[in-house]
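Chain A is the first sequence line, chain B the second, and so forth, proteins listed ahead of strands; every chain is numbered from 1. These values consider heavy atoms only, across backbone and side chains, with no hydrogens, waters or symmetry-generated copies.
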Amino acid sequence: MSRYNVQANEAHWQQLWAERNSFAAKDDYTLPKYYVLSMFPYPSGRIHMGHVRNYTLSDVVARYKRAQGFNVLCPMGWDAFGLPAENAARDNKVHPAEWTYSNIATMRGELKRMGLAIDWSREFATCDETYYKQQQKLFIDFYRAGLVYRKESWVNWDPVDHTVLANEQVIDGRGWRSGALVEKRQLAQWFFKITACADDLLAALGTLDRWPDKVRLMQENWIGKSAGAKLRFALNGRSDSIEVFTTRPDTLFGASFIAVSANHPLAAELAAKNKALAAFIAECNRTGTSEAILETLEKQGFDTGLTVQHPFVPEQALPVYVANFVLMEYGTGAIFGCPAHDERDHDFATKYNLPIRPVVLADELDHDFAAAPYTGPGTLHNSAFLDGLSVEAAKQAAIAQLEKRKLGHGTIQYRLRDWGVSRQRYWGCPIPMIHCQACGVQPVPEQDLPVALPKDVSFDQPGSPLAHHPTWKQVNCPQCGQAATRETDTCDTFVDSSWYFARFCSPQLADKPVDKAAVDYWLPVDQYVGGVEHAILHLLYARYFTRAMHKTGHVKIDEPFAGLFTQGMICHESYKDENGKWLYPEEVEKQADGCAVHVKTRAPVSVGRVEVMSKSKKNVVPPARIIESYGADTARLFMLSDSPPERDLEWTEAGVGGAWRYINSLWRMVSEPKLPLPPLGTPRPDALGSRAEETRRTIHRTIAAISQDFERFHFNKAVAHARELSNALEPLDNAATGEAWVLREGLEVLAQLIGPMLPHVAEAMWAELGHTTPLCETRWPKAEASLLVNETVTIAVQVNGKLRATIMLPRDLPAKEAETQALQDAAVQRALGDSKPRKVIVVPNKIVNIVA
RNA sequence: GCGGGCAUGGCGGAACUGGUAGACGCACCGGACUUAAAAUCCGGAGCUGGCAACGGCGUGCCGGUUCGAUUCCGGCUGCCCGCACCA
């Protein structure tokens, strides 16, 4: 029995595709195009199973669309800047560039072994000077267009590493690496004005009909639009006022205090003369922003002794507190507290004995305001001109009155904040700006780009290596020529990934970020595939960046990704030894009794939950090993079968075995066919036996089914349909009735249908069947419409809703006749017994239900 | 706390707009081939009663609409995800 030689075959076809340049996207902009993109990988060192799943999914789409005649662009690149390279540099004394490019080389090799239909000629890494030079140009374009600005802002500061931390890098109030208590500090940072697009980013979500609802909803919540009012409270005994934002202007008459953030300018001003307040503010700033802390944190306030005037009741004075629960980053950093109708305000008022004044009453309910606030709908009371109005009407009326008295105005507030892109790191795109004492901030002149990273840097001391570099930042001001300094911050790596998809359209272009004709043709990406973990940040930033590139004349679209698919994660059982240490799957052997032992020591191993593969739990399987022993097709098949791609997938040895067996049986079907196959191109015999006819129906129904499965990303069903077709071809063994011809037709179609999923074995089958042109260059098969409908149909017959028989009837038989036939069935008669049918429901070609 | 999702055999899952629940596979059981094993091939199988023919029960739980509900509606329960002192 000949076995399919996976290694030789896969190498052969991969080489042939490369030689024939089979997957190059054509720069002929008159062809119908299809742009398939996977989220490009970070070159961490090795390909992991998540990559394999991601690229398999996009590869099926790419190959399917290519077979349909589209000019397909499916590129690959590297999201290559980032902190791990600096950590490697510090720990292993290897330069970040060397570490990164060597990882890229390894991973490129691993990816190529997957047999992906990628146009490798377009590959680049974001750390290539040619790429980040163009990014610097974009940065300057954005700066000139007023989309980029620099401002002082509060940041998470790690006092040990001397660096700013992203919110995600603060764990329980401590730096993720140093473990030091994170402080809040004010620092000058570069920002992209994403909030200016907030409303458009929100509204346009409605046009993204090929995005998962979940992702759109997450972005909607992230943008967090809320309508309300901004209003000023005049400070008693001073000439200034405090501005607050509220979504409940209707409850203004229930106000009993004002609270400002610990970082509010007024708090800072007062703290300068008040040590106790300064201590309180320091305490607030020390507390991290982590959820765990916030949940247990008590509301705390510091009475400033100041009071403000109520805007509608001037004689009423409200105390002003500095409070730990008011965020400087949202609204105006100050609120008015209405304890009767807000949970936090109620907590605060209870603690500090402030009045609770109910102003909204529900009609029927008797609410205990001392115990809890009331936040539902109702009618306004004790509120002067608002009395008797509903909450909604009162909001409008209050805003109208504020505007009339020039005390405030209706406004829209977003949760979304401007995108801070400054990072005090080395391995990133340098922000191309120069600080001049005389001229202020100046962009680097275009002819001086790129601002390249210096090679000679040290990672021994904490803080930014660029800032420590002895000479790099010294430069002359492009405006006045005097000595000036470079910006030493680099860009957040999310900037790099915000436009790479556009660069793939013209990756070698030297003088511009993108070629207009190329991006106008290729963009938007027709199908983007990646993990849900990027549902908010990356996808939102890329949407913003595209708008910014539109405004600066680089592209003419706003939405970069027309279709988005978010795949599930790969899971695996986890294992621990007797000492509670995690073990890799390859260190564990499952025994016949179901118990697991260590391969070497034979010590018992406890089998844990099936969890997302992660290095920390060691429940990972390196794809390279699977591909070496079973081949890329097996790995790909496993990824596609069983679990729908949006769901999590459990990696199991048994599942791999099943995939492997199917690959082999596919090869066997063509290499050792049950019947001698007629030569390629033999015309269909005039007379086919009934089994041959029936098999042809299955063949053509499968074409239709798999085509639809591919369109809908139902790859698990596509695999099932392919296997059904394989099973349907098995019984063909009668050469006299045209079955050999049908077998050939079935095998050819099968090879074509599995081609996008299992490209290597499909090519091997295709060649074995006598074809000389590679399968990947042939067109997708068409189903013969006449074979998609049956002349006879199986009708289910129910008695009182219970299935009692199935009968074969001619298609589209009149209801009356179907009814008669159904009633004559023996099983139906038995089920009816003595009772007479009272009513019969006939659904044509489907079901007859007899109600007795 | 707010927002969203999911729940089908031992397991992953299928069932298009309400119409034969369990396709396809994994694991399992039996048989063939083999000195033996592997590989391969054939067959079985939701649970349950029965030698069988045949019957009962079954899509997390309770209820509703319908001739008919995995599918629609209301109410629970359990898991999962996102956001969160957002004013």
By the rule that syn is within 90° of 0, classify the base conformation of B:G58 as syn or anti.
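Anti, since the glycosidic angle lies more than 90° from 0.
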[atom1] atoms of [N] and [M], separation to the nearest Å:
N     : M     : atom1 : answer
B:A23 : B:G13 : C1'   : 10 Å
B:C72 : B:G19 : C1'   : 14 Å
B:A69 : B:A84 : C1'   : 38 Å
B:G9  : B:G22 : C1'   : 7 Å
B:C73 : B:U66 : C1'   : 12 Å

Please report, rounded to the nearest Å, how far the [atom2] atom of [N] is from the [atom1] atom of [X].
X      : N     : atom1 : atom2 : value
A:K299 : B:A84 : NZ    : P     : 16 Å
A:R712 : B:G13 : CZ    : P     : 20 Å
A:Y414 : B:C86 : OH    : P     : 19 Å
A:F638 : B:G12 : CZ    : C1'   : 9 Å
A:L803 : B:C54 : CG    : C1'   : 14 Å
A:M639 : B:G25 : CE    : P     : 20 Å
A:D250 : B:A87 : CG    : C1'   : 13 Å
A:N221 : B:G4  : CG    : P     : 8 Å

Can you classify the ring geometry of [X] versus [Y] as parallel (below 30°), tilted (30 to 60°) or perpendicular (above 60°)?
X      : Y      : answer
A:F348 : A:Y321 : perpendicular
A:F369 : A:H341 : perpendicular
A:H310 : A:F312 : tilted
A:F713 : A:F565 : parallel

Pairing pattern in dot-bracket form [Watson-Crick, G-U; both distances under 3.5 Å; | = partner strand] for RNA chain B:
(((((((..(((......[....))).(((((.......))))).((((....))))..(((((..]....))))))))))))....
Between A:R691 and A:E694, does any side-chain N to carboxylate O distance fall below 4.0 Å?
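Result for this pair is no, no salt bridge flagged.
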Tell me whether A:R216 is salt-bridged to A:D213, with the criterion being a basic N under 4.0 Å from an acidic carboxylate O.
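Counted as a salt bridge, because a side-chain N and a carboxylate O are separated by less than 4.0 Å.
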Side chain of A:S643 only, please: which of B:A14, B:G12, B:C26 is the nearest?
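Taking heavy atoms from C-beta onward, the closest nucleotide is B:G12.
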Looking at A:K839 and B:C67, is any side-chain donor or acceptor paired with a base atom of the opposite kind under 3.5 Å?
no
How is [X] classified with respect to the nucleic acid when contacts are heavy atoms under 4.0 Å: base, sugar-phosphate, or nothing?
X      : value
A:V719 : nothing
A:T652 : nothing
A:R723 : sugar-phosphate
A:K214 : nothing
A:N727 : sugar-phosphate

Among A:T251, A:T246, A:D250, find the one that has a side chain to side chain donor-acceptor pair (under 3.5 Å) with A:R248.
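In the set A:T251, A:T246, A:D250, the residue that makes a side chain to side chain donor-acceptor pair (under 3.5 Å) with A:R248 is A:D250.
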Tell me which residues in residues 805-819 of chain A put a heavy atom below 4.0 Å from RNA chain B, sorted by number, or none.
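Under 4.0 Å from RNA chain B: A:T806.
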Can you list, in residue-number order, the parts of residues 653-666 of chain A that come under 4.0 Å of RNA chain B, counting heavy atoms only?
A:A654, A:G658, A:R661
Run the side-chain hydrogen bond (donor to acceptor under 3.5 Å, both in side chains) check on A:S641 and A:Y662 step by step: do they pass?
CA-CA 11 Å; A:S641 22; A:Y662 185 53; over 6 Å; no
